[in-house]
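First the structure, in the form of structure tokens, and then the observations on it.
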Amino acid sequence: MRPMTPDGLPAIGPVPGYDNVLVAAGHAMLGITLAPVTGHLVQRMLLDGTVPPEVEPFLPDRFTPPSAGYPGHP
């Protein structure tokens with residue numbers, strides 16, 4: 001078994017509803033090869049406090065229903 005998300009893409013970025021939680025998971029069998037770039041992106045988020053544009057397709061809020069009322073969702 002491999003840690004995967006429903007859409008097959010990793011989840012990287014802030015967790016909706018939490019101010020101080022970032023996730024970097026769901027890389028399936030590419031965890032070792034994607035670890036350096038994922039680590040770099042997480043470092044940028046932690047140090048800058050912003051989400052780099054490269055991370056947008058991988059944000060965990062894509063799994064949050066629009067009715068949840070978290071930031072980024074009406």
Side-chain angles (χ1 to χ4, degrees):
M1 296 179 107
R2 301 284 184 181
M4 292 184 68
T5 60
D7 62 5
L9 297 174
I12 305 169
V15 176
Y18 295 90
D19 294 332
N20 58 353
V21 179
L22 288 175
V23 67
H27 291 76
M29 57 281 209
L30 299 175
I32 294 293
T33 56
L34 293 178
V37 70
T38 299
H40 178 73
L41 292 169
V42 169
Q43 175 192 19
R44 286 175 56 192
M45 287 185 276
L46 290 172
L47 295 178
D48 299 343
T50 60
V51 175
E54 305 93 318
V55 174
E56 299 215 4
F58 308 105
L59 289 173
D61 69 356
R62 69 185 190 271
F63 303 114
T64 305
S67 62
Y70 294 126
H73 292 284

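None of the values given here were measured: they were computed from a predicted structure. Values below: every heavy atom of this structure, side chains too, minus hydrogens, waters and symmetry copies.
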(message) Test your reading of the model: is there a side-chain donor-acceptor pair from Arg44 to the backbone of His40, 3.5 Å cut-off?
(response) no

(message) Working to the nearest 0.5 angstrom, can you tell me the gap between Leu22 CG and Leu41 CG?
(response) 11.0 Å

(message) So, taking the atom named OG1 in Thr5 and the one named NE2 in His27, what distance separates them when rounded to the nearest 0.5 Å?
(response) 10.0 Å

So if you build clusters from Ile, Leu, Val, Met, Phe, Trp, Tyr with side-chain heavy-atom gaps below 4.5 Å, do [X] and [Y] land together?
| X | Y | answer |
| --- | --- | --- |
| Leu9 | Met4 | no |
| Val51 | Phe58 | yes |
| Ile12 | Leu46 | yes |
| Phe63 | Val23 | no |

(request) Give the minimum heavy-atom separation between Pro60 and Gly13, together with the two atoms involved. (result) CG-O, 3.7 Å

(request) Check Pro10 against Arg62 and note the closest heavy-atom contact, atom names and distance. (result) O-NH2, 3.1 Å

(message) Which residue in the set Val21, Leu59, Asp19 passes side chain to side chain contact (heavy atoms under 4.5 Å, CB included) when paired with Pro14?
(response) Leu59

